[in-house]
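Reminder, nothing fancy here: chain letters follow the sequence lines and each chain counts from 1.
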Amino acid sequence: MSVITRFAPSPTGFLHIGGARTALFNWLFARHNGGRFLLRIEDTDRVRSTEAAIDAIIDGMKWLGLDWDGEVVFQFVRAPRHAEVVDQMLAEGKAYRCYCSVEELEEMRKAAMAAGKPLRYDGRWRDRDPKEAPEGVKPVIRIKAPQTGETVVRDEVQGEVRVANDQLDDMVLLRSDGTPTYMLSVVVDDHDMDITHVIRGDDHLTNTFRQVQIYNAMGWKHPSFSHIPMIHGPDGAKLSKRHGALGVEAYREMGYLPEAIRNYLLRLGWSHGDDEIISTQQAIAWFDLGAVGRSAARFDFAKLDSLNAHYLREADDAALAAETAKRLGVGGAEALDRLRRAMPGLKARAKTLKELAENAAFYVTPRPIALADKAKALLTPEAKTLLAKLATELAKTGDWSAVGLEALVRGFVEAEQVKLGQVAQPLRAALAGSTTSPGIFEVMEILGQSECLGRIGDCT
RNA sequence: GUCCCCAUCGUCUAGUGGCCUAGGACAUAGCCCUCUCACGGCUAGAACAGGGGUUCAAAUCCCCUUGGGGACGCCA
């Protein structure tokens, strides 16, 4: 039997980082096994589901390079099928109508809490005669769950997990308005879509017992379950927006590369010996459920940064130049060409595309460029004198290559009896407007002779 | 409150009873390289939550405690 996995987000918000990892693991597992990876949008909550969220999820998946097979499945349109399953359960005596009001349910929970008992529905309509139903109340349909024994889940990641059935209650399958609940639709859809492996966050682990009861009631074989640990914020608490529970588009905005995100997310909870840099090809070849860890991981931007820096250095210069130009809001073939030639020196110094753009700005800023305070401080009267002197020599040279310029400047400092830094730093200040930049001779070569002389002239 | 899950350096993790005076990566500190900043190289500090067992032998197996997380909804 071939493997079929799915990613089933509810469109009530963006595709956050935890969801992205769940999607990645499902995708990897399917690709590793030559199986199929499906995308199902769980939009049964009509109030909270939005079109914008659906778009955000789909864009996020595409950006991350997680391609799914076949058409996107929308859960809401399958509601009639879900109701049909409930009809069958009703007919077979595996489900029943419950006429409890929400107030009644609330009291039940309070009483249970006070008595130190599990918070569960007491089954008061389970065996009650439907003739006693109050007038005008639309019932919900509840499953007639087993009351003794235990339900066991053999999880690929968590191992064997069991719970006594008296801890579980008769959950609602169909709401009083006739729409299906999550528990029901997820089971019916996973069954109908022939999902073989359910890989999801471990916040669903205890839900799994209830879902298994539905599979059992229907006489269906349930898929293999893998509950992967959640991602926490740097402080160990649940991931909040403040930490990184941002939509993937926010990471894109911050200048992270999809390959870096994939690599980072993969290593959060999964490992392959001491390997850290793992290409997507390798990830597909190596991924296995058995190596997924069982404890929650904290999200760490520093590590993501370092991975991103790595992939930035490997990225194509022309593509990086185009992205940088876009972020800088500059166009034109000349600017683009300058950025492309400057890219090797630039990308080694940045961790994100955002930082890359900031560092690259001086290359394409029109004269006169603004000088940072520290750069101004470098341009002392003595330094300016030296620069002016150097400028006359620079104006005469016919070799404007980094190598030629370095030879020229080194000759100049020797003649002037000064250290290279005494010239290079003011030069950097004048040309880049900053105290830090790529190698100064490289900067000069890329900027070109007239631009350099102009910039030196602007501040001497 | 009830149930479930988890627990190795600050962080991500390797480790599946002897190879562990516990390895790697990120971060941190120092040194080297050097026109600055990065990159790169080298070095350093840094962990088996605590307590009981089992065993010739435990980071690894069992139990308890503690700490963290999750679920308990006519949300998903």
Novice: Identify whether any heavy atom of A:Arg40 sits under 4.0 Å from a base atom; if not, whether one sits that close to sugar-phosphate; answer base, sugar-phosphate or nothing.
Specialist: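 A:Arg40: no heavy atom of the nucleic acid under 4.0 Å.
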Novice: Reckon A:Leu268 touches a base, only the sugar-phosphate, or nothing at all at heavy-atom distances under 4.0 Å?
Specialist: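 Result for A:Leu268 = sugar-phosphate.
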Novice: Got a list of side-chain donor-acceptor pairs under 3.5 Å for residues 349-361 of chain A, not counting sequence neighbours?
Specialist:
unit_1: A:Arg349; atom_1: NH1; unit_2: A:Gly345; atom_2: O; d: 2.7
unit_1: A:Thr352; atom_1: OG1; unit_2: A:Lys354; atom_2: N; d: 3.4
unit_1: A:Thr352; atom_1: OG1; unit_2: A:Glu355; atom_2: N; d: 3.1
unit_1: A:Glu355; atom_1: OE1; unit_2: A:Lys351; atom_2: N; d: 2.9

Novice: Calculate the interatomic distance between A:Glu160 atom CD and B:C5 atom P; express it in whole Å.
Specialist: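 Value for this atom pair: 10 Å.
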Novice: With heavy atoms under 4.0 Å as the rule, sort A:Met183 into base, sugar-phosphate or nothing.
Specialist: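 Answer is base: heavy atoms of A:Met183 come under 4.0 Å of a base.
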Novice: Do the side chains of A:Lys303 and A:Glu276 get close enough for a salt bridge, i.e. N-O under 4.0 angstrom?
Specialist: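 A salt bridge is present here (some side-chain N lies under 4.0 Å from a carboxylate O).
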Novice: Check the distance between B:U13's C1' and A:Arg298's CZ and give it to me in whole angstrom.
Specialist: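 A:Arg298 atom CZ is separated from B:U13 atom C1' by 14 Å.
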Novice: Contact class for A:His204 vs. all strands (heavy atom < 4.0 Å): base, sugar-phosphate, or nothing?
Specialist: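 A:His204: base contact, heavy atoms under 4.0 Å.
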Novice: With a cut-off of less than 4.0 Å, is there a side-chain N or O of A:Arg410 near OP1 or OP2 of B:C35?
Specialist: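 Affirmative; the distance criterion is met.
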Novice: Is A:Thr44 touching bases, backbone alone, or none of the nucleic acid, heavy atoms closer than 4.0 Å?
Specialist: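 Answer is sugar-phosphate: A:Thr44 comes under 4.0 Å of backbone atoms only.
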Novice: Whether A:Ser295 contacts B:G69 is assessed here as follows: a side-chain N or O lying under 4.0 Å from the phosphate OP1 or OP2. Is that the case?
Specialist: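 Indeed not, no polar side-chain atom of A:Ser295 lies that close.
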Novice: So if I take every side-chain heavy atom of A:Gln425 and compare against B:C72, B:C5, B:C35, which nucleotide ends up nearest?
Specialist: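 The listed nucleotide nearest to A:Gln425's side chain is B:C35.
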Novice: Does A:Arg21 make a cation-pi contact with A:Phe25 (under 6.0 Å, within 45 degrees of the axis)?
Specialist: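 Yes; both conditions hold, so A:Arg21 lies above the ring face of A:Phe25.
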Novice: Students often get this wrong, so: under 4.0 angstrom with heavy atoms, is A:Asn207 touching a base, only sugar-phosphate, or nothing?
Specialist: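 Touches a base.
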Novice: Between B:C12, B:G40, B:C74, which one does the side chain of A:Val172 approach most closely?
Specialist: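 From the listed options, B:C74 comes nearest.
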Novice: If the C1' atom of B:U8 is compared with that of B:A14, how far apart are they to the nearest Å?
Specialist: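 Approximately 10 Å lies between the C1' atom of B:U8 and that of B:A14.
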Novice: I need the minimum non-hydrogen distance between A:Ile41 and A:Pro11, along with the two atoms involved.
Specialist: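 In this case the closest contact between A:Ile41 and A:Pro11 is CG2-CG, 3.5 Å.
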Novice: Do A:Phe299 and A:Tyr264 have ring centroids that are under 6.0 Å from one another?
Specialist: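 Yes, the ring centres sit under 6.0 Å apart.
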Novice: Out of B:U36, B:C35, B:C12, which nucleotide sits closest to the side chain of A:Ser437?
Specialist: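 Of all the options, the side chain of A:Ser437 is nearest to B:U36.
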Novice: Can you sort out which residues in residues 412-420 of chain A have a heavy atom within less than 4.0 Å of RNA chain B? Ascending by number, please.
Specialist: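 Nucleic-acid contacts, sorted: A:Leu420.
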Novice: Look at all strands and tell whether A:Val140 reaches a base, only sugar-phosphate, or nothing, counting heavy atoms closer than 4.0 Å.
Specialist: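 Since a base atom lies under 4.0 Å of A:Val140, the category is base.
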Novice: Would you mind classifying the nucleic acid contact of A:Gly269 as base, sugar-phosphate or nothing, using non-hydrogen atoms under 4.0 angstrom?
Specialist: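 If one applies the 4.0 Å heavy-atom cut-off, A:Gly269 turns out to touch the sugar-phosphate alone, with no base involved.
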Novice: How about A:Tyr96 and A:Trp125: are their ring centres within less than 6.0 Å of each other?
Specialist: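 No.
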Novice: Given atom CG of A:Asn263 and atom C1' of B:U13, what is their separation to the nearest angstrom?
Specialist: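 Interatomic distance, CG of A:Asn263 to C1' of B:U13: 13 Å.
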Novice: Per the salt bridge (charged side-chain N to carboxylate O under 4.0 Å, His left out) rule, what does the pair list look like for residues 304-316 of chain A, sequence neighbours excluded?
Specialist: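 Non-adjacent pairs meeting salt bridge (charged side-chain N to carboxylate O under 4.0 Å, His left out): zero.
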Novice: Starting at the 5' end of RNA chain B, which residue's closest nucleotide do you reach first, A:Met230 or A:Gln75?
Specialist: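 The 5'-side residue here is A:Met230.
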Novice: Looking at every strand, decide which applies to A:Phe441 at a 4.0 Å heavy-atom threshold: base, sugar-phosphate, or nothing.
Specialist: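 Base, at least one base atom sits under 4.0 Å.
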Novice: Answer yes or no: are there more than 12 heavy-atom neighbours, outside A:Lys144 itself, under 6.0 Å from its atom NZ?
Specialist: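 Counting other residues, nucleotides and ligands, NZ of A:Lys144 exceeds 12 neighbours.
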Novice: How is A:Ser271 classified with respect to the nucleic acid when contacts are heavy atoms under 4.0 Å: base, sugar-phosphate, or nothing?
Specialist: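 Counting heavy atoms under 4.0 Å across all strands, the contact made by A:Ser271 is with sugar-phosphate only.
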Novice: Rounded to the nearest angstrom, tell me the gap between atom CZ in A:Arg210 and atom P in B:C4.
Specialist: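 Taking CZ of A:Arg210 and P of B:C4, I get 14 Å after rounding.
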Novice: Rounded to the nearest Å, what distance is computed from the CE atom of residue A:Met171 to the P atom of nucleotide B:A71?
Specialist: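 Distance, rounded to whole Å: 17 Å.
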Novice: Between B:C72 and A:Arg120, counting only base atoms on the nucleotide and side-chain atoms on the residue, is there a donor-acceptor pair under 3.5 Å?
Specialist: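 Check fails, no donor-acceptor contact within cut-off.
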Novice: Between A:Asp190 and A:Arg40, is the closest basic N to carboxylate O distance under 4.0 Å?
Specialist: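 The answer is yes: the pair qualifies as a salt bridge.
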Novice: From the options B:C35, B:A76, B:C74, select the nucleotide whose nearest atom is closest to the side chain of A:Arg48.
Specialist: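 The answer is B:A76, which lies nearest to the side chain.
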Novice: Salt bridge or not for A:Glu84 and A:Arg81, using N-O below 4.0 Å?
Specialist: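 Counted as a salt bridge, because a side-chain N and a carboxylate O are separated by less than 4.0 Å.
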Novice: Does A:Arg428 make a side-chain N or O approach to OP1 or OP2 of B:C35 shorter than 4.0 Å?
Specialist: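 The answer is no; no side-chain N or O of A:Arg428 sits under 4.0 Å from OP1 or OP2.
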Novice: Identify all pairs in which a protein N or O lies below 3.5 Å from an N or O of nucleotides 1-3 of chain B, and state each distance.
Specialist:
unit_1: B:G1; atom_1: O2'; unit_2: A:Gly116; atom_2: O; d: 3.4
unit_1: B:U2; atom_1: O2'; unit_2: A:Gln167; atom_2: OE1; d: 2.6
unit_1: B:C3; atom_1: O4'; unit_2: A:Gln167; atom_2: OE1; d: 3.3

Novice: For A:Arg6, is there an ion pair with A:Asp189 - N to carboxylate O distance below 4.0 angstrom?
Specialist: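 Salt bridge: no.
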Novice: Under 4.0 Å between a side-chain nitrogen and a carboxylate oxygen: does that hold for A:Arg210 and A:Asp169?
Specialist: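 So A:Arg210 pairs with A:Asp169 through a salt bridge.
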Novice: Measure from the side-chain heavy atoms of A:Leu205 and tell me the nearest of B:C4, B:A76, B:U36.
Specialist: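 Closest nucleotide among those given: B:C4.
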Novice: Generate the contact string for nucleotides 22-31 of chain B. Rules: B means base contact, S means sugar-phosphate contact only, - means no protein heavy atom under 4.0 Å.
Specialist: -BBBS-----
Novice: On RNA chain B, compare the nucleotides closest to A:Thr436 and A:Ala291; which residue's is nearer the 5' end?
Specialist: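 In this pair, the answer is A:Ala291.
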Novice: Within this structure, what is the CG-to-P distance between A:Leu289 and B:U16, rounded to whole angstrom?
Specialist: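 Distance, rounded to whole Å: 20 Å.
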Novice: Would one find a side-chain N or O of A:Thr181 under 4.0 angstrom from OP1 or OP2 of B:C74?
Specialist: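 False: A:Thr181 side-chain N/O out of range (4.0 Å or more) of B:C74 OP1/OP2.
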Novice: Using the 3.5 Å cut-off, write out each protein N or O paired with an N or O of nucleotides 42-47 of chain B and the distance between them.
Specialist:
none

Novice: Indicate yes or no: does A:Glu323 engage A:Arg327 in a salt bridge with an N to O separation below 4.0 Å.
Specialist: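 The answer is yes: the pair qualifies as a salt bridge.
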Novice: What's A:Cys100 touching, base or sugar-phosphate or nothing? Going by heavy atoms closer than 4.0 Å.
Specialist: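 Touches a base.
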